[in-house]
Amino acid sequence: MLMKRQRMLISGVLLLCLILQSCHRGSIVHRKLFVPDEFPTLEEALKIAVSGDTIIVGPGRYSISSKGISITQEKLTLRSALGAKETILMGTGNGPVVSFGKDCQAVFDGFTVMGSDPNRECPLKGGGILCDSYSSPTIINSSIRDNKAQFGGGIYCAPSSSPSILQNTISDNQATVLGGGIFSFHASPKIMKNRIIRNTAHFGAGLFCNADKALIQNNFIVENKALHSGGGCSCIDSSATLVNNTLARNHASFGGGIFGSAGEFQVLNTILWGNQDDLCLIDFKMLSRPRFSDIQDADYLGINGNISQDPLFIDPNQGDYRLSPESVCHHAGDSQKMYNNPDSSRNTIGAQGGPEAFTF
């Protein structure tokens, strides 16, 4: 009888231990780490941060060490307390200011990322941000500006990466070769609701897409300049989808708006206006013919619903490329319901149209 009671007691203790372990596992508390209140630098906070933590960075200008910031935690949130204008990460080295490592799914929210010295040695890949292979970070509400690299002056998307690049201003970056603003190489980035402005490169000043599957949607891609081709965007052997974008006042000898060669990239519900040579397609497939787009050069006019009428931007001389109420682009895009505006009306051509319309 005593042995039976002992066995029952032991069983009860073991059950209690299992319950306590289960409760402990289910009640993990993710920490909030504060810079500079708790940690003087972002690098020091990153040393102890683990997946699931949140690092909140107060306003200020932070000089990033020559090695740059390397984010390797699988799930981590880095957020500024007062937004990108007040929280500036200044690169001082010869590599990317911020790098996201393999399998990283971090959220990077509300920072300005910029190079501190325009004369510093030019890094190979990603002057501002490098998204390593198999990474899928979210880069949001940030300003990536005044960075320089050979490939991807602002952001470099490595093979098999799939970052979400959302609601940023990507401006005044330089690539000495490809992709002044963004370079996507065998990657699948989601590039949505960004202002991609005044970037420069030899090829693909705003964006360069090479053998990739980028989704490029609801962006203002304006005033970029390529020395050779693809002022706004270059698509080479690419399966990128460009839908509801506004490309204006971009410059290049070939394809000031969009330059495309081979691949099966698509252009839909897009404005190409005021570019030096709006559209240049070489060795392209029928799928790459633009559809329901407003093209100043009248390329493919009357084919696939394309038009060529002044979109009536509000004030392009002051950088305002929104549509005036009288614009012919309102409700002139693809009539399929999947492309409808948020109010369920027919698609509006340009960055202000479609289900993911760019709003101000």
Side-chain angles (χ1 to χ4, degrees), residues 30 32-33 35 42 45-46 49 51-59 62 64 68-89 91 96-101 103-114 126-132 135-147 152-158 161-173 179 181-184 187-197 199 206-207 214-221 243-245 342 351-352 354-360:
H30 298 305
K32 290 185 177 180
L33 312 177
V35 176
L42 183 52
L46 282 167
S51 185
D53 286 348
T54 297
I55 299 175
I56 300 174
V57 182
Y62 298 86
I64 303 305
I69 293 173
S70 180
I71 303 169
T72 58
Q73 295 88 343
E74 184 176 351
K75 294 183 179 180
L76 186 72
T77 297
L78 290 87
R79 187 174 69 245
S80 67
L82 296 181
K85 288 184 179 180
E86 304 295 332
T87 317
I88 301 171
L89 307 182
V97 182
V98 178
S99 299
F100 296 98
D103 298 323
C104 180
Q105 303 173 34
V107 175
F108 185 80
D109 183 356
F111 295 90
T112 290
V113 177
M114 62 182 295
I129 295 177
L130 170 66
C131 301
D132 207 349
S135 67
S136 55
T138 297
I139 303 164
I140 188 169
N141 299 325
S142 293
S143 174
I144 296 92
R145 62 181 178 88
D146 298 303
N147 299 287
I155 300 174
Y156 180 89
C157 306
S161 66
S162 54
S164 295
I165 303 170
L166 314 173
Q167 299 169 203
N168 305 287
T169 298
I170 301 168
S171 63
D172 301 294
N173 301 287
I182 301 173
F183 181 38
S184 172
S188 303
K190 182 185 293 183
I191 303 169
M192 298 176 62
K193 300 183 182 181
N194 301 284
R195 293 180 177 91
I196 302 173
I197 307 171
N199 301 284
L207 305 99
L215 172 62
I216 303 166
Q217 184 172 358
N218 292 104
N219 302 283
F220 284 93
I221 305 170
V243 56
N244 275 110
N245 298 286
Q352 292 171 264
E356 301 292 337
F358 196 119
T359 56
F360 292 80

Heavy-atom pair with the smallest gap, counting every atom of Leu33 and Asp53:
CD1-OD2, 4.4 Å
Going from CG on Asn218 to CG on Leu215, what distance comes out if it is rounded to the nearest 0.5 angstrom?
9.0 Å
Applying salt bridge (Lys or Arg N to Asp or Glu O under 4.0 Å) as the test, list every pair that has at least one member in residues 70-89; sequence neighbours left out.
none
Ile139 and Leu166: side-chain contact (heavy atoms from CB on, under 4.5 Å), yes or no, with the steps?
CA-CA 6 Å; Ile139 303 164; Leu166 314 173; over 6 Å; no
Nearest heavy-atom contact between Gly153 and Asn147 is O-CB, 3.2 Å
So which atom in Met114 and which in Ile88 form the shortest heavy-atom distance, rounded to 0.1 Å?
SD-CG2, 3.8 Å
Just to verify, what does Phe358 make a ring pair (Phe, Tyr, Trp, His ring centres under 6.0 Å) with, not counting sequence neighbours?
Phe220, Phe360
State, to 0.1 Å, how close Leu78 and Phe111 come at their nearest heavy-atom pair, and which atoms those are.
O-CE1, 3.4 Å
Closest non-hydrogen contact found for Pro189 with Cys157 is CB-SG, 4.1 Å
Just one of Ile129, Ile191, Asn219, Ile155 clears the side chain to side chain contact (heavy atoms under 4.5 Å, CB included) bar with Ile170, so which one?
Ile155
Between Asn141 and Gln167, a side-chain donor and acceptor under 3.5 Å
yes
Value for OG (Ser51) from CG (Asp103), rounded to nearest 0.5 Å, stands at 11.0 Å
Close side-chain approach of Cys131 to Tyr156, heavy-atom, < 4.5 Å:
no
Roughly how far apart are Ile196 CD1 and Leu207 CG, rounded to 0.5 Å?
4.0 Å
